[in-house]
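Report on one structure; see the data block that follows.
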Amino acid sequence: MLPETLPTTMKVLLQSDPASKTLILATRPLPVPVPNSTEHLIRVHAAALTNGELLWMKNFPPPASETKGKELVPCYDMAGAVIAAPSDSPFQPGTEVYGRTHYYRTVAGREYTICDTYELAFKPKTLSFVQAATVPMSVETAYQALFVQAPLQPVAGTGAKGKRIFVTAGSGAVGMWVVQLAKWAGAEVVATSSKDRFDFVKSLGASEVLDYRTADVKKWVQAEAGRQADVVVDCIGRQALADAWWVVKEGGTLISIFQPPEGMKPADLPTLDVKNLFFIQEPSGEHAGKVGSLIDAGGFVTALDSVWPVEKFEEAVERMESGKTRGKVVIEFVPHV
């Protein structure tokens, strides 16, 4: 049962056309959880934009049978407080949560949203709502790349001990978490980034950083024995993914979150016994919760570019699309001093 004190309407960001990046600020009735289900009503405090997401529905349309009632609302990452929950949920009313909402549902760019139990995790106590909103999709992608798709274990110091990990775009939203989690698990980490981000990526745990603009990765690999990696995680595709093929060692794993690696395999590359795959992150409150505990324990950092009140959503989108962000752009629905 919903509290009687709730408003009847809410502010919501809407995208009227999946082929357009234009958003409008509209008013809609509050969503209502399906009775006797695992759905929760969440008061969204902050929601993060993800680069490229405004064209996902155009480029990757989900099956119509799975999206009944879905409205085109941006922001898959959110942090907020539970308003209503199933009686057996670990996330009872008043609980502060964060999570990555599912692609098939109306997501979190609104004052109230619906989340399923499996999407939710307890918000890290050491993070504000705004900081927490930057985390879920990126951290779940990194976690799943390393500990689900790659043969590594999520164990501090030993889960990747003796392994060498190479990640492209190590300062990016996903890459920064790959670096941190791989280092936490005991791996040696090498990453690429722009030169002005070298210090940041090294502070995350990378032992070496290559300038993605100028480095000849093939020559770098061949110049010194031992530079190949057991696991390569590509976050940006295209030429970076083609170069990544030279880094992965025989019997290793090459993962891309951008495109299937096989199509970018260099023609002159010797035949390798390499597991290569493309995957799309699945919402997992379990994974977000595990990393949330690590964040609270200390030693992990988040990346927040900027915060915008919902009324300035147009400026927020412009900032996200600028190509100059350093971290996530967050829209705030509940102002916090």
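Everything quoted here is computed from the prediction, not taken from an experiment.
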Distance-minimising heavy-atom pair for [X] and [Y]:
| X | Y | result |
| --- | --- | --- |
| Thr113 | Thr106 | OG1-O, 3.7 Å |
| Ala132 | Tyr98 | O-CD1, 3.4 Å |
| Ala215 | Leu210 | CB-CB, 4.1 Å |
| Leu241 | Pro260 | CD2-O, 4.1 Å |
| Leu41 | Pro31 | CD1-O, 3.6 Å |
| Leu181 | Ala142 | CD1-CB, 4.1 Å |

Joint cluster assignment, [X] & [Y], ILVMFWY side-chain distance < 4.5 Å:
| X | Y | result |
| --- | --- | --- |
| Phe122 | Val130 | no |
| Tyr143 | Leu277 | yes |
| Val301 | Val189 | yes |
| Val291 | Val167 | yes |
| Val97 | Phe333 | yes |

Mind checking the [atom1]-[atom2] spacing from [X] to [Y]? Nearest 0.5 Å is all I need.
| X | Y | atom1 | atom2 | value |
| --- | --- | --- | --- | --- |
| Leu14 | Leu25 | CG | CG | 8.5 Å |
| Cys235 | Met176 | SG | CE | 11.5 Å |
| Ile331 | Met78 | CD1 | CE | 15.0 Å |
| Phe313 | Glu318 | CZ | CD | 12.0 Å |
| Thr38 | Ile114 | OG1 | CD1 | 11.0 Å |
| Leu120 | Arg100 | CG | CZ | 13.5 Å |

Chi angles and distances behind the side-chain contact (heavy atoms from CB on, under 4.5 Å) call for Thr117, His40: CA-CA 7 Å; Thr117 306; His40 301 63; 3.0 Å; yes
NZ or CZ of Lys70 within 45° of Tyr104 ring axis and under 6.0 Å: no
Has [X] got more than 12 heavy atoms of other residues, nucleotides or ligands less than 6.0 Å from its [atom1]?
| X | atom1 | result |
| --- | --- | --- |
| Lys312 | NZ | no |
| Asp199 | CG | no |
| Asn36 | CG | no |

Is there a side-chain contact between [X] and [Y] (heavy atoms, below 4.5 Å)?
| X | Y | result |
| --- | --- | --- |
| Val209 | Thr192 | no |
| Pro29 | Thr8 | no |
| Ile165 | Leu152 | yes |
| Lys218 | Pro266 | no |
| Pro136 | Val139 | no |
| Val330 | Trp308 | no |
| Val135 | Trp177 | yes |
| Val82 | Ile42 | yes |

Is there a donor-acceptor pair under 3.5 Å between the side chain of [X] and the backbone N or O of [Y]?
| X | Y | answer |
| --- | --- | --- |
| Glu140 | Ser284 | yes |
| Ser293 | Gly289 | yes |
| Gln131 | Ser128 | yes |
| Lys11 | Arg28 | no |
| Tyr103 | Trp56 | yes |
| Thr141 | Met137 | yes |
| Glu119 | His102 | yes |

Does [X] pair with [Y] as a salt bridge, N-O distance under 4.0 Å?
| X | Y | value |
| --- | --- | --- |
| Glu71 | Arg110 | no |
| Glu188 | Lys183 | no |
| Asp77 | Lys328 | yes |
| Asp243 | Arg238 | no |
| Glu111 | Arg43 | yes |
| Arg319 | Glu315 | no |

Go through the side-chain N and O atoms of [X] and [Y] and say whether any donor and acceptor fall under 3.5 Å apart.
| X | Y | value |
| --- | --- | --- |
| Ser256 | Asp234 | yes |
| Glu332 | His45 | no |
| Glu262 | Trp245 | no |
| Ser194 | Arg197 | no |

Reference residue Pro74; test side-chain contact (heavy atoms from CB on, under 4.5 Å); the match among Val12, Leu54, Val317: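 Of the listed options, the one satisfying the test is Leu54.
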is_close_aromatic(Phe258, Phe278), centroid dist under 6.0 Å: no
Ring centres under 6.0 angstrom apart (Phe166, Trp246):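 Between Trp246 and Phe166, which both carry aromatic rings, the centre distance is not below 6.0 Å.
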Step-by-step side-chain contact (heavy atoms from CB on, under 4.5 Å) determination, Phe200 to Arg326: CA-CA 11 Å; Phe200 173 67; Arg326 292 192 170 184; over 6 Å; no
Worked check of side chain to side chain donor-acceptor pair (under 3.5 Å) between Glu208 and Trp220: CA-CA 12 Å; Glu208 185 175 358; Trp220 173 80; 3.0 Å; yes
Aromatic ring pairing Phe147/Trp184, orientation class (parallel under 30°, perpendicular over 60°, tilted between): perpendicular
Test log, rule side-chain contact (heavy atoms from CB on, under 4.5 Å), inputs Gln15 and Asp17: CA-CA 6 Å; Gln15 184 179 3; Asp17 181 355; 5.8 Å; no
side-chain contact (heavy atoms from CB on, under 4.5 Å) evaluation trace for Tyr76 with Leu49: CA-CA 7 Å; Tyr76 292 82; Leu49 291 161; over 6 Å; no
Residues His287, Gln144; criterion side chain to side chain donor-acceptor pair (under 3.5 Å); working and verdict: CA-CA 8 Å; His287 297 160; Gln144 290 167 27; 3.3 Å; yes
